[in-house]
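Ligands are counted one by one from 1 in listed order, and the atoms in each one are counted from 1 as well.
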Amino acid sequence: MSIVICFNNKDPKPWQEALQAKLPNATIEIYPNVTDPKAITFALCWKPESNILAKFPNVKVVQSVGASVEHIIQSQDLASDCVVTRIVDDRLSKDLFEFVLTGILSHIKRFADYQKAQKEKQWQQKPYKTIQNTSIGILGLGKIGTHVATKLAQVGFTVKAWSRSEKTLENVSCFHGNEGLINTLKNTDILINILPLTSAIENILNLKHLSQLNKNGYLINVGRGEHLVENDLLTLLNNQHLSGALLDVFRTEPLPEDHPFWKHENITITPHIAAITNIETASDIVVSNYKSLSNGKEFINVVSIQKGY
Ligand code: GLV
C-alpha cells in the first residue's frame with residue numbers, strides 16, 4: 001500500500017512532505033525512485049509520462065493534483081478497475097473567479113492600452129465599457145464554471161453560459177447543445193473558456209465559433225490550450241474582429257520561446273496560474289482517498305473515465 005508521485009512540470013517535493021506529515025506511516029515515493037513497484041496502489045499524478053502507470057501493476061487509484069484529469073486519461077492505459085479522482089476545492093473556484101474578474105476589468109478599462117501609451121508618454125483618453133454594458137459568455141459549467149458564472153452575474157455583468165448537459169442557474173442564461181453554443185457566442189463581448197478537455201471539444205475555439213462574438217470581442221482561455229486553434233485566434237486578432245485575448249493555458253507548456261503569441265501586442269500571457277492547487281487543502285482530499293482505499297469507503301471526486309471529466 002504505497003503511494004507514488006508522478007509529476008511533470010511541477011515540483012513533487014512539497015506534495016511528498018505535506019502527505020508524509022498527514023500519513024506518517026505511509027511509504028510515499030517520487031518516480032523514478034520507487035523501491036517496490038508492485039507495492040504501489042495509489043498514484044498521485046500531474047501530466048504523467050505516457051503509460052508510466054503500467055510500471056505499477058497494482059495501482060487502484062490515480063489521483064490528479066489538479067481539477068482536470070485529461071492529462072491522466074489521455075496518457076495512460078488504465079486497468080478497468082482503476083479509479084481516477086481529481087481535486088475539487090472551493091479555493092480553486094474562488095481563485096479562478098478572481099483571475100477572470102481581473103482580466104475582464106483590466107480589458108474593459110483598457111489597462112493594456114494605457115500601459116502601451118505610458119511607454120510612449122502619450123496622454124490619450126480612450127472610450128471604456130462598463131460592467132452593465134458588457135456581455136459575457138462562459139463555456140463550461142462544472143463546479144468552477146458555475147461559481148464563475150454566478151459571481152459574474154452578481155457583479156452585474158450580463159452572463160450566458162454553455163454546458164454539455166442542460167443546467168439552470170440564477171441570473172445566468174444557460175444553453176446546451178450545438179445551437180446553444182451559437183446562442184452563447186452571439187452578442188457576446190467577452191468569452192471565457194473553462195471547459196475540461198475531451199476529444200469532442202478539442203479545437204472548439206475556432207474561426208467559426210470565435211467569429212460569432214461581437215466585433216472587438218475578447219477571449220479569456222483558462223480551459224486548455226488544445227481547445228484553441230491558435231492560427232484562427234491570430235487571424236481574428238489581425239483582422240480586428242477580436243480586440244485581444246488573455247491566455248493562461250497553451251498546447252505546449254511552457255510556451256516555446258519562438259511562439260508568435262509572446263510578441264503579439266493584443267495577447268496577454270500568464271503561465272498557467274489562474275488557479276493553482278493549494279497543497280494544504282488539496283492534500284486532505286488525497287489523504288481521504290488514500291484512506292478509503294484501505295478501509296473500503298467511497299472515494300471522493302471520482303471522474304468518469306468514459307466521459308473524460
Ligand atoms: C489546472 O489547470 C488544473 O487542472 O487544476
Side-chain angles (χ1 to χ4, degrees), residues 5-12 14-15 18-19 43-49 53 61-76 78 83-103 138-149 163-164 191-199 201-202 204-205 219-228 230 245-255 261 268-289 299-305 307-309:
I5 303 180
C6 303
F7 284 4
N8 269 306
N9 261 340
K10 193 186 277 294
D11 183 6
W15 274 93
L19 290 173
L44 186 65
C45 295
W46 181 251
K47 301 192 172 178
E49 270 167 46
L53 297 178
V61 178
V62 185
Q63 169 81 54
S64 167
V65 287
S68 62
V69 289
E70 92 290 338
H71 55 97
I72 295 169
I73 291 179
Q74 294 178 4
S75 68
Q76 310 299 313
L78 296 170
V83 171
V84 177
T85 56
R86 69 186 188 111
I87 300 298
V88 177
D89 186 346
D90 285 351
R91 190 67 265 151
L92 282 178
S93 304
K94 287 179 184 157
D95 287 2
L96 202 95
F97 167 66
E98 288 177 14
F99 178 90
V100 160
L101 184 64
T102 307
I138 293 178
L139 303 182
L141 277 182
K143 185 104 173 135
I144 297 177
T146 300
H147 179 77
V148 171
S163 53
R164 191 171 117 133
L191 182 69
I192 303 167
N193 175 44
I194 317 182
L195 286 164
L197 181 65
T198 65
S199 51
I201 48 170
E202 190 170 342
I204 190 169
L205 302 173
L219 170 69
I220 299 182
N221 190 15
V222 285
R224 278 292 177 263
E226 289 84 350
H227 289 128
L228 177 65
E230 297 184 339
L246 166 58
L247 307 176
D248 186 55
V249 288
F250 303 89
R251 283 181 186 262
T252 307
E253 295 180 3
L255 188 64
F261 283 175
T268 302
I269 289 170
T270 51
H272 203 144
I273 46 72
I276 294 177
T277 304
N278 176 299
I279 297 184
E280 210 28 58
T281 47
S283 57
D284 286 339
I285 296 172
V286 179
V287 168
S288 162
N289 277 338
F299 298 112
I300 49 176
N301 308 330
V302 175
V303 303
S304 155
I305 297 181
K307 280 196 200 160
Y309 60 93

**T270 and D248 side chains, donor-acceptor separation under 3.5 Å** = yes
**Complete:** shortest atom 5 (O) of ligand 1-to-protein heavy-atom contact is with A67 N, 2.7 Å
**Prompt:** Starting from atom 4 (O) of ligand 1, which protein heavy atom do you reach first, and at what distance in Å?
**Reply:** S68 OG, 2.5 Å
**Asked** Among N221, L141, V148, whose side chain to side chain contact (heavy atoms under 4.5 Å, CB included) with I194 holds?
**Response** V148
**Prompt:** At a 4.0 Å threshold, what atoms of ligand 1 neighbour a non-hydrogen atom of W46?
**Reply:** 1 (C), 3 (C), 4 (O)
**Request:** Give, for atom CD1 of I5 and atom CH2 of W15, the distance between the pair rounded to the nearest 0.5 Å.
**Result:** 8.5 Å
**Prompt:** Going by heavy atoms in the side chains, are V65 and L44 under 4.5 Å from each other?
**Reply:** yes
**Message:** Which option wins on minimum heavy-atom distance to atom 1 (C) of ligand 1: H71, H272, E253?
**Reply:** H272
**Message:** Between D90 and K94, does any side-chain N to carboxylate O distance fall below 4.0 Å?
**Reply:** no
**Prompt:** Is ligand 1 under 4.0 Å from a heavy atom in the side chain of E70, in the backbone, in both, or in neither?
**Reply:** neither
**Asked** How are the rings of H71 and W46 set relative to one another: parallel (under 30°), tilted (30 to 60°) or perpendicular (over 60°)?
**Response** tilted
**Item:** Per-atom contacts of ligand 1 with R224, taking only distances under 4.0 Å to non-hydrogen atoms
**Value:** 1 (C), 2 (O), 3 (C), 4 (O)
**Request:** Would you please determine whether R86 falls within less than 4.0 Å of ligand 1 on a heavy-atom basis?
**Result:** no
